[in-house]
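Note sheet for the following structure.
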Amino acid sequence: MDSVLVSDDIYVRDTVRTAVKILVVGHFAVGKTTFVGTLSEIRPLHTEERMTQAGALVDDLAGVPDKVTTTVAMDFGRMTLSEDLVLYLFGAPGQRRFTQLWHDLALGALGALVLADTRRLEQSFDVMTMLEEKDLRYAVAINRFDGAPTFPDAELREALDLLPETPLVHCDAREPASSTRALIALVRHLLAGDDQERA
Amino acid sequence: MTRRRHERALVRPHVVTGGRAHPTRNIFDLVTLMIVAYDDDLSDLSPEKHRVMELCGGGALSVAEIAGHLKLPVSVTKVLLSDLVDSGHITTRAGVPGVDAPDHRVLQEVLNGLRARL
Ligand SMILES: Nc1nc2c(ncn2[C@@H]2O[C@H](COP(=O)(O)OP(=O)(O)O)[C@@H](O)[C@H]2O)c(=O)[nH]1
Ligand SMILES: [Mg+2]
């Protein structure tokens, strides 16, 4: 760990000029909060957005009766990666009805890490489709849960209908090194795509 | 094994596009870094804006972090911040969408930073 860079308080270091974000997405209880907490240098923060049933964000605390709103939570953490650069990790549910929140999250994101659980792979389908619609590139990290069945990667790729170049990694969201490696797989993929676009 | 993802394409629910007409203030990205620009005269500010100024007085924070610390929705925080930017109290340091479009150099720096943690 490069502890020199880690802020000892809640604030971003004075030298930082660039802030980027990566989304950590997946269904309920797949490990999003755990993943963000494992890697964040700050105590992870949490916000709750009120949305209308139609999916619009409510940006005025008054005026909209509670009955017609619903809340969606996201949690996020921060990694200072160089003197100049911080990376934010946003853990968020991939629910289609939260259109506006999803738009805000996707805007300017480098890419997304999709966490998946082999006991319920089909619950990852929706969020993957949404990322594809948003043109956000992603990698898939299978979180190893105790007692979860294991499958050969080829079978997992087929079930998830991954493109050949989409990274598929295995990870334990409770482990910093394992979680870091999952992010590295994603960023290497983003860099490779970048090279292709420039070529 | 679970069924394949694209078998679902046949029954995939239609995209919900509701809420588009809502006037959103996309001045800031969630990770736009905000700093205090002027804090000599806070007398006209609402209690919520005072809280923003107090928090931001300590150093730079992203829009999302300000919302998290103040326990306010991001959407509400953005409205407070855009008012405070208009009144000259708060300014942005980095991360404005479009200005800091992720490029190859940034991705490489992210990769290097992550590798340095292993
Ligand atoms: N075995 C195992 N358990 C995990 C892993 N990631 C998360 N968990 C556990 O799974 C539960 C749900 O995780 P959480 O992070 O709250 O999921 P979220 O709903 O996606 O935010 C918690 O009890 C975690 O401790 C993992 O990689 N392996
Ligand atoms: Mg969670």
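Just so you know, these numbers come straight off a predicted model, no measurement behind them. Only heavy atoms go into these numbers, but all of them, side chains included; no hydrogens, no water, no symmetry mates.
- Ranking B:H69, B:K71, B:Q108, B:R115 against chain A, the residue ahead of the rest is B:H69, based on heavy-atom pairs under 4.5 Å.
- Using modelled atom types, one finds no donor on one side chain facing an acceptor on the other under 3.5 Å when comparing A:Y11 with B:E65.
- Side-chain contact between B:R117 and A:P176 is absent, with no heavy atoms from C-beta onward closer than 4.5 Å.
- Hydrophobic clustering (side-chain heavy atoms under 4.5 Å, transitive across Ile, Leu, Val, Met, Phe, Trp, Tyr) groups A:L110 together with A:V24.
- The two atoms that bring A:V12 and B:L61 nearest to each other are CG2-CA, 4.4 Å, heavy atoms only.
- Residue B:L45 is not grouped with residue B:Y38 when hydrophobic side chains (ILVMFWY) are merged at heavy-atom distances under 4.5 angstrom, including chains of intermediate members.
- When the side chains of ILVMFWY residues are joined at heavy-atom separations under 4.5 Å, either directly or via intervening members, A:L162 and A:F151 end up in a single hydrophobic cluster.
- Contact annotation: the side chain of A:F90 approaches that of B:L30 to within less than 4.5 Å [non-hydrogen atoms, C-beta and beyond].
- For the atom pair CG of A:L87 and CD of B:E109, the computed distance is 11.5 Å after rounding to the nearest 0.5 Å.
- For the set A:R181, A:M79, A:M130, the count of heavy-atom pairs under 4.5 angstrom toward chain B peaks at A:M79.
- Proximity to chain B involves both the backbone and the side chain of A:L105, based on heavy atoms less than 4.5 angstrom apart.
- For the atom pair CG of A:L45 and CD1 of B:I66, the computed distance is 11.0 Å after rounding to the nearest 0.5 Å.
- Linking ILVMFWY side-chain heavy atoms closer than 4.5 Å, directly or via other members, places B:L118 and B:V110 in a single hydrophobic cluster.
- Transitive grouping of hydrophobic side chains (ILVMFWY, heavy atoms separated by less than 4.5 Å) brings B:V36 and B:L84 into a common cluster.
- Residues A:K21 and B:D29 have side chains in contact (heavy-atom distance under 4.5 Å, counting atoms from C-beta outward).
- Heavy-atom pairs under 4.5 Å with chain B peak, among A:V187, A:T47, A:T180, A:L191, at A:L191.
- Between atom CG of residue B:L107 and atom CZ of residue A:R188 there is a gap of 13.5 Å, rounded to the nearest 0.5 Å.
- Considering only heavy-atom pairs separated by less than 4.5 Å from chain A, the leading option among B:C56, B:S62, B:A67 is B:S62.
- Atom OG of A:S179 and atom CG of B:L114 lie 11.0 Å apart (nearest 0.5 Å).
- Listed options A:L190, A:L183, A:D14 were ranked by heavy-atom pairs under 4.5 angstrom with chain B; first place goes to A:D14.
- Looking at B:L55, both its backbone and its side chain come within 4.5 Å of chain A, counting heavy atoms on both sides.
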